[in-house]
Amino acid sequence: MNGIHGDDGAVRAARRDDAVRAAVEQGLLGPATPIVGLLDVTGIREAAAELQAAFDAVVAPGTPVLHAFAVKATPLVPVLRLLHAEGIGAEVASPGELALARAAGVPPNRTVLDSPAKTPAELREALALGIAVNADNPQELDRIDGLMRSATSRSPLGIRVNPQVGGGSIEATSTATATSKFGVALRDEGAREWVVRAYADRPWLTRLHAHTGSQGVPLSLMAQGVAETYALAEEINGRLGRRQIDTLDIGGGLPVNFGSDETTPTYAQYARLLSEAVPGLFGGRYGLVTEFGRSLLAKHGTVVARVEYAKSAGGRPVAVTHAGVQVAARTVYAPGAWPLRIAAYDGKGRPKEGPAVVQDVAGPACFSGDLLAEGRALPLLEQGDYAAALDTGAYYFAHHYAYNSLARPGIYGFAPDGAGGVAFATVREPQSLDEIVAESGGAHAGSLTTLRAPDHR
Ligand SMILES: Cc1ncc(COP(=O)(O)O)c(C=O)c1O
């Protein structure tokens with residue numbers, strides 16, 4: 001059976017502990033650099049291999065399959081390059097994400113554009129490059145019509161539908177609710193007919209896309225979304241009397257276990273579930289695109305922050321660290337939906353021992369809700385120790401939130417150095433104060449004081 005289980009989780013945790021200690025020893029982390037993001041390169045490679053093996057095990061031989069990493073999950077060029085080297089393409093949802101994928105060397109034929117608000121210029125560029133595009137709505141399809149009339153394109157083109165199968169436990173990341181902003185709402189009156197007509201009128205529409213999962217969505221609901229998409233493709237091809245839709249893009253959305261080091265659910269479990277729930281999907285009649293993000297990266301990232309001060313308030317110990325809302329915005333603003341595990345390390349970066357003490361782990365930002373964890377039982381964090389927020393490789397430290405003009409931390413990949421130690425590679429330099437000033441209008445310091453209403457005297 002494919003998949004990382006308890007033991008592999010323990011191996012990954014041991015790699016993480018080694019990396020934290022090495023980061024302190026090698027000076028990546030310390031009083032002058034009190035926060036860092038770490039990425040486990042071995043773990044990322046393993047996840048990419050797991051994903052490919054899981055689907056290879058269920059698809060008919062010869063089926064074209066593109067696993068396109070959802071760049072939004074970890075928008076870092078070296079990560080995209082690593083994944084590309086491991087056989088994974090890119091799903092992009094903005095001009096910035098497309099630029100990152102291109103900078104990483106992901107070729108157009110391994111890139112998919114999916115955003116809900118594509119401008120005419122974005123569409124033109126994507127079609128000129130030959131990137132796959134999924135139209136989100138009828139107005140966007142009109143724009144693509146215009147472009148297809150004026151030029152030829154190698155882009156595989158499709159429509160995104162929302163099967164409206166319902167949401168999961170986290171409203172903000174549920175994409176298949178009745179009123180979701182994404183795609184063509186398939187159960188709305190007249191929508192299904194409109195989709196069928198759209199394909200009938202456009203022989204160049206050869207793909208169908210849905211992304212119904214996300215954190216908090218049960219696998220059975222994800223499978224239902226895929227099943228409805230498959231059924232629609234069958235209906236369209238049947239009614240048109242030709243196999244016009246040749247590829248199904250089933251999106252991403254595999255949830256991540258934030259509660260322990262175990263990887264669950266696994267890609268293998270999901271692929272098997274799909275093969276049971278949607279017989280025919282993997283039979284070879286359709287090529288396949290997937291767009292997993294969180295499940296590829298989350299468990300391979302750790303943000304580690306120094307405890308600047310350890311204090312007590314109202315009888316509760318509070319560790320004031322350098323990791324808060326700027327690197328964990330979701331957790332800080334919605335702690336119930338996005339709790340993170342915290343690991344305690346001593347000042348030398350060694351796992352901290354000692355009786356569990358209920359304490360708060362706070363961030364550096366100037367509002368009282370800036371807490372990585374509230375009332376958490378951990379070995380007592382003291383000044384000079386380190387607190388690590390685990391499973392933060394996707395949608396966390398790569399998604400900086402500039403509150404208090406806190407600098408983006410440096411991000412480093414790590415792997416065994418072959419001699420019993422840990423080697424680091426820079427993924428992103430820490431942001432400098434000059435860069436913060438520059439992105440905050442530093443070049444226009446006098447622009448407002450010199451702006452005056454015309455003098456009407
Ligand atoms: C169209 C699309 N594909 C893929 C993803 C990636 O989802 P996840 O990171 O949950 O796998 C998203 C996430 O928002 C998305 O909107």
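Side chains included, hydrogens not; waters and symmetry mates left out as well; all remaining heavy atoms used. All values reported here derive from a predicted model rather than from experimental measurement. When a ligand or atom number is given, it counts from 1 through the structure's own listing order.
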**Asked** Looking at Asp114, which atoms of ligand 1 are within less than 4.0 Å of one of its heavy atoms?
**Response** 1 (C)
**Message:** I want to confirm something. Looking only at heavy atoms, which of Ala394, Gly253, Gly183 is nearest to atom 8 (P) of ligand 1?
**Reply:** Gly253
**Prompt:** Can an N or O of Gly293 be found at a distance shorter than 3.5 Å from an N or O of ligand 1?
**Reply:** yes
**Complete:** For Ser214, the ligand 1 atoms with a heavy-atom partner under 4.0 Å come out as 10 (O)
**Prompt:** Can you check whether Ser295 has an N/O within less than 3.5 Å of an N/O in ligand 1?
**Reply:** no
**Sub-3.5 Å N/O-N/O distance, Tyr395 and ligand 1** = yes
**Asked** Taking the six-membered ring of Tyr396 as reference, does the NZ or CZ atom of Arg330 fall below 6.0 Å from its centre and within a 45° cone about the axis?
**Response** no
**Arg294: numbered ligand 1 atoms lying under 4.0 Å from its heavy atoms** = 8 (P), 9 (O), 10 (O), 11 (O)
**Message:** Tell me whether the rings of Phe424 and Tyr412 are parallel (<30°), tilted (30 to 60°) or perpendicular (>60°).
**Reply:** perpendicular
**Message:** For the 3.5 Å polar cut-off, considering only N or O atoms, please tell me whether Phe292 and ligand 1 meet it.
**Reply:** no
**Prompt:** Going by the ring-ring contact (aromatic ring centres under 6.0 Å, His included) test, which pairs reach into residues 226-252, not counting sequence neighbours?
**Reply:** Tyr230-Tyr286
**Request:** Consider every N or O of Gln215 and every N or O of ligand 1, then say whether any pair is closer than 3.5 Å.
**Result:** no
**Asked** Who pairs with Glu291 by side chain to side chain donor-acceptor pair (under 3.5 Å), at least two apart in sequence or on another chain?
**Response** His209
**Message:** Would you say the ring centers of Phe55 and His67 fall short of 6.0 Å from each other?
**Reply:** yes
**Prompt:** Between Asp17 and Tyr345, is any side-chain donor less than 3.5 angstrom from a side-chain acceptor?
**Reply:** yes
**Message:** For His300, is there any backbone N or O sitting under 3.5 Å from a side-chain donor or acceptor partner on Arg16?
**Reply:** no
**Per-atom contacts of ligand 1 with Ala70, taking only distances under 4.0 Å to non-hydrogen atoms** = 4 (C), 5 (C), 6 (C)
